[in-house]
2 protein chains.
Amino acid sequence: MEESAYFMAKRGADGRPPRVTIQDVARLADVSVATVSAVINGNVPVSEKRTERVRAAMAALRYQPDERARTLRTGRSRMLGLVIPDVTNPFYPEMLREIEHAARVRDHSVLLCDSNNDPEQERRHLEALYARRVDGALVACVDSKVSYDWLDPLGFPVVFFERYPFSGHYQAISTDHRAASFHATKHLIQFGHRRIAFFLTNPDLSSSSERTAGYQAAFADAGVPMPPSMLIAHVEGAQGGYNAMRRLCANPEKRPTALLCTNSVLLLGAARAARESGLQCPRDISLICFDNPVWTEHFPPAITTLAQPKGEIARRALELLLARIEKKAPTLEESTIEWLKDELVVRESTGPAPTP
Amino acid sequence: MEESAYFMAKRGADGRPPRVTIQDVARLADVSVATVSAVINGNVPVSEKRTERVRAAMAALRYQPDERARTLRTGRSRMLGLVIPDVTNPFYPEMLREIEHAARVRDHSVLLCDSNNDPEQERRHLEALYARRVDGALVACVDSKVSYDWLDPLGFPVVFFERYPFSGHYQAISTDHRAASFHATKHLIQFGHRRIAFFLTNPDLSSSSERTAGYQAAFADAGVPMPPSMLIAHVEGAQGGYNAMRRLCANPEKRPTALLCTNSVLLLGAARAARESGLQCPRDISLICFDNPVWTEHFPPAITTLAQPKGEIARRALELLLARIEKKAPTLEESTIEWLKDELVVRESTGPAPTP
DNA sequence: TATCAATCTCGAAACGTTTCGCCAGCGTTG
DNA sequence: CAACGCTGGCGAAACGTTTCGAGATTGATA
């Protein structure tokens with residue numbers, strides 16, 4: 001197996017190393033291309049002798065099959081799109097990690113797209129993914145009001161996670177936001193809190209409306225009236241959380257004694273605002289947020305959170321998507337949503353309501 | 001332009017929607033495939049009349065060129081690999097966001113790979129990226145001691161960022177870790193601190209050794225002796241930071257009065273350990289860390305950090321990589337590193353050293 | 001020894017693009 | 001009027017695989 005002479009001959013004028021193809025391997029091993037392919041894929045029997053020759057040739061040439069060609073021929077790219085609203089929200093990197101790992105286990109790669117909370121960009125991402133003919137996509141959508149009906153006719157399988165569209169047919173896997181929100185609120189009510197503020201970002205999100213419903217249900221369930229104007233939407237980022245909290249605390253008599261945030265970044269700002277208003281947590285105010293990033297455990301005080309089972313979401317979503325891809329019948333007759341449970345992890349930031 | 005009949009004819013038995021190809025467009029517009037390609041790519045003149053026909057046909061069939069085939073033919077995939085050691089470290093998602101954005105602007109997609117701090121996995125990722133024939137990769141390596149010499153002969157262009165190998169030829173773009181570390185340490189020394197602890201993760205990392213050098217240089221520069229056994233390596237994660245700090249604080253007389261952490265997660269644990277040891281920040285201990293994630297600004301107290309110019313790193317790294325790809329001469333004759341400046345953002349966590 | 005089945009092997013046709021070279025048409029020019 | 005250059009268009013050959021159908025080899029059976 002002497003490959004250097006061969007290499008020299010093939011090297012282009014530009015000095016760029018030669019791309020070794022299946023042809024080269026076949027030539028060196030003195031077999032047909034088909035045979036090489038057969039030993040690579042192992043789905044067709046090849047004699048011991050030739051297998052050995054091919055193996056040796058592949059090793060000598062450091063041959064690595066070109067996935068592009070393979071993909072074009074077989075129709076499967078073994079790539080999956082992952083489109084998320086904002087990598088900067090710590091929930092998503094952790095999700096990404098799990099999804100990437102799950103995908104890797106099933107021998108798939110992940111093409112990441114950040115929508116930057118912009119429906120337009122999200123759409124562009126999805127179109128690009130389709131153009132690349134990835135096998136399918138996992139998406140946490142930016143806005144539940146947008147329509148994804150155009151995906152189906154294209155035969156482009158998508159499964160949603162955590163956030164899914166309000167209308168149309170789709171498959172989704174999500175934590176039970178309503179139940180989680182219910183439990184968190186109930187936890188606070190049982191501590192005697194009544195003036196419980198609720199910060200959410202975009203209300204046009206399946207997760208937002210479910211969480212809102214859970215929050216309201218908890219009050220109804222406890223037979224306690226909901227405080228007016230404590231449900232605040234469109235709070236964005238740490239600064240948004242800070243501003244909203246400052247505003248709420250302007251009037252000390254009407255200030256909240258507890259707060260539930262729809263994501264961890266909001267809480268960061270809100271907590272600071274509370275401190276700056278002279279409030280101490282949990283003595284004067286209790287704090288809870290969705291998601292459970294590392295810092296919540298180490299924050300003073302450690303934050304009570306709602307932790308999503310990210311690994312499970314990832315594995316389940318991937319399973320669903322792959323099944324849909326295999327089945328080759330991407331057109332959906334009806335919507336299905338699978339629910340997973342959040343865990344309320346109680347730490348130091350929640351306690352009894354202050355006595356007036 | 002009646003396409004429905006055509007669609008019906010093409011629809012397969014499996015109910016899967018037909019894939020419309022350039023052939024279909026050509027047929028419908030009654031021109032050759034070459035002409036369709038010409039109007040798509042616009043690099044060959046096509047008459048007004050035909051252009052119009054082709055446009056109409058494409059619209060009617062909702063034709064979207066297959067990137068796979070395009071890629072195979074042209075040799076450019078317009079995909080870039082991004083391999084990072086750990087998405088869970090907040091530095092990387094932010095980096096990722098910038099890189100993805102920069103790539104998008106230049107009409108490229110990003111294939112994300114998380115090495116999970118494992119050199120083996122990193123290597124597998126790189127091999128997979130090559131197999132997919134992405135145009136190149138941006139990598140923050142897991143360990144500077146591993147060799148990446150095998151990439152060059154493959155003609156696979158890679159540029160390193162923030163962490164690069166100790167040996168071999170490579171291109172890198174990095175913040176000036178040494179200078180940053182020097183400034184941070186100097187900042188502390190000027191506050192009168194002498195017992196300044198330094199936590200780092202893997203010492204076999206270019207960034208680690210540079211930061212260590214900066215730390216040491218600051219003492220030398222100030223003519224102050226370095227405290228013994230305050231330079232602690234292999235501190236991993238928040239728990240690692242916690243443990244290391246607890247250990248250092250065991251003996252109150254010998255405890256540090258300041259701490260510099262190589263990443264933000266370490267600081268999280270260390271800060272908690274300090275609190276639990278009865279230390280108050282910044283009165284009893286000053287804290288600084290590299291990277292500047294949102295929470296540092298909202299933590300009580302707000303953390304003094306070293307902020308990397310992530311956007312600039314991303315843009316510059318991308319530029320370098322694309323240039324390397326264009327130039328089609330991936331074999332490197334020598335190494336080049338470009339340095340960017342960190343910014344020391346001073347907040348509440350650093351102050352005068354306690355008087356004994 | 002002829003026949004047959006069971007293996008293995010191979011050439012060639014896809015997959016969906018881009019691009020190269022050639023040709024037809026046509027107005028200019030000597 | 002012949003020769004020529006230009007323009008726009010087309011067929012066909014790539015790109016690097018997989019896969020299909022058919023041919024070649026072998027060993028066993030009648």
Side-chain angles (χ1 to χ4, degrees), chain A residues 10 12 16-54 57-58 61-79 130-135 154-155, chain B residues 10 12 16-54 57-58 61-79 130-135 154-155:
Chain A
K10 210 188 180 195
R16 181 176 270 272
R19 285 262 143 121
V20 12
T21 77
I22 201 173
Q23 303 267 5
D24 302 323
V25 177
R27 201 139 34 202
L28 186 59
D30 194 33
V31 299
S32 76
V33 205
T35 303
V36 179
S37 176
V39 1
I40 291 172
N41 295 293
N43 41 13
V44 165
V46 175
S47 72
E48 191 66 30
K49 206 176 53 181
R50 276 159 202 266
T51 302
E52 209 30 68
R53 288 222 304 276
V54 169
M58 291 203 298
L61 297 176
R62 291 193 204 3
Y63 169 66
Q64 189 127 25
D66 186 325
E67 282 299 326
R68 296 172 302 182
R70 204 187 270 227
T71 274
L72 180 59
R73 177 62 229 236
T74 61
R76 283 283 306 259
S77 67
R78 308 192 83 72
M79 287 205 301
Y130 173 69
R132 292 209 184 280
R133 300 296 190 274
V134 301
D135 295 339
L154 248 36
Chain B
K10 211 187 181 197
R16 182 178 268 272
R19 287 262 142 121
V20 12
T21 76
I22 199 174
Q23 304 268 5
D24 302 323
V25 176
R27 201 141 34 202
L28 186 59
D30 194 33
V31 298
S32 76
V33 200
T35 303
V36 179
S37 175
V39 1
I40 291 173
N41 296 292
N43 42 13
V44 164
V46 174
S47 71
E48 191 66 29
K49 206 176 53 180
R50 277 162 199 266
T51 303
E52 210 30 68
R53 289 223 305 277
V54 169
M58 291 203 298
L61 295 176
R62 290 194 205 1
Y63 169 67
Q64 189 128 22
D66 186 325
E67 282 299 326
R68 296 173 302 182
R70 202 188 272 229
T71 274
L72 180 60
R73 177 60 227 234
T74 61
R76 284 282 306 259
S77 67
R78 308 192 82 72
M79 288 206 299
Y130 174 69
R132 293 210 183 279
R133 299 297 192 275
V134 302
D135 295 340
L154 248 35

*Hey, does the side chain of A:Ser37 come within less than 4.0 Å of D:dT17's phosphate (OP1/OP2), counting only N and O?*
no
_A:Arg133 side chain to A:Tyr130 backbone, donor-acceptor under 3.5 Å_ = yes
*Using atom CD of A:Gln64 as one end and atom P of D:dG16 as the other, report the distance to the nearest whole Å.*
15 Å
*Just how far is it from atom CE of B:Met79 to atom CE of A:Met79, taken to the nearest 0.5 Å?*
4.0 Å
*Determine yes or no for a side-chain-to-main-chain donor-acceptor pair under 3.5 angstrom, with A:Arg132 supplying the side chain and B:Glu67 the backbone.*
no
*asked:* Return the OG1 to NZ distance between B:Thr51 and B:Lys49, rounded to the nearest 0.5 Å.
replied: 11.0 Å
_Distance in angstrom units between A:Arg78 CZ and D:dT17 C1', rounded_ = 15 Å
*Among B:Val20, B:Asp24, B:Val25, which residue meets the side chain to side chain contact (heavy atoms under 4.5 Å, CB included) test with B:Met58?*
B:Val25
*Taking CZ from B:Arg27 and P from D:dG11, how many angstroms apart are they, rounded to a whole number?*
13 Å
*When you measure from the side chain of B:Leu72, which nucleotide among D:dT18, D:dG16, C:dT18 comes out closest?*
D:dG16
*Give a yes/no on whether any side-chain N or O of B:Arg50 is located under 4.0 angstrom from OP1 or OP2 of D:dC10.*
yes
Between side-chain atoms of residues 40-48 of chain B and protein atoms elsewhere (two or more places apart, or another chain), which donor-acceptor pairs fall under 3.5 Å?
{"unit_1": "B:Asn41", "atom_1": "ND2", "unit_2": "B:Ser37", "atom_2": "O", "d": "3.0"}
{"unit_1": "B:Asn41", "atom_1": "ND2", "unit_2": "B:Ser37", "atom_2": "OG", "d": "3.3"}
{"unit_1": "B:Ser47", "atom_1": "OG", "unit_2": "B:Arg50", "atom_2": "N", "d": "3.4"}

_Both A:Ile22 and B:Val33 contact DNA chain D. Which one's nearest nucleotide lies toward the 5' end?_
B:Val33
*Hey, what bend do you get for the helix from C:dT1-D:dA30 to C:dG30-D:dC1 if you fit axes on five pairs at each end, rounded to 10°?*
70°
*Whole angstrom is fine here: how far is it from CZ in B:Arg70 over to P in D:dG16?*
18 Å
*Among the candidates C:dT18, D:dC10, D:dG8, find the nucleotide nearest to the side-chain atoms of B:Val31.*
D:dC10
*Looking across every strand, which nucleic acid part, if any, lies under 4.0 Å from B:Arg68 by heavy atom: base, sugar-phosphate, or nothing?*
nothing
*Measure from the side chain of B:Ser32, starting at C-beta and using heavy atoms only, and say which of D:dG16, D:dC10, C:dT17 lies closest.*
D:dC10
Shorter than 3.5 Å, N or O on both sides, protein versus nucleotides 20-25 of chain C: list them out with atom names.
none

*Report the distance from atom CD of B:Glu52 to atom P of D:dG9, rounded to the nearest whole Å.*
13 Å
_B:Thr35 side chain, from C-beta outward: closest of D:dT19, C:dT18, D:dC10_ = D:dC10
*Calculate the interatomic distance between B:Asp24 atom CG and C:dT17 atom C1'; express it in whole Å.*
13 Å
*Quick one: A:Asp30 CG to C:dT9 P, roughly how many Å, whole number?*
12 Å
*Whole-Å distance separating the CD atom of A:Glu67 from the P atom of D:dG16*: 14 Å
*Could you tell me the separation between the CG atom of B:Asp66 and the CZ atom of B:Arg73, rounded to the nearest 0.5 Å?*
15.0 Å
_If I compare all heavy atoms of B:Asp135 with all of B:Gly75, which pair ends up nearest, and what's the gap?_
OD1-O, 4.2 Å
*When you get a sec, tell me which of C:dC8, D:dT19, D:dG8 is the closest nucleotide to the side chain of A:Asn43?*
D:dT19
*Whether A:Arg53 side chain and A:Asp30 backbone form a donor-acceptor pair below 3.5 Å*: yes
*Closest to the B:Thr74 side chain: C:dT17, D:dT19, C:dT19?*
C:dT19
*How many angstroms lie between atom CD of B:Gln23 and atom OG of B:Ser32, to the nearest 0.5 angstrom?*
10.0 Å
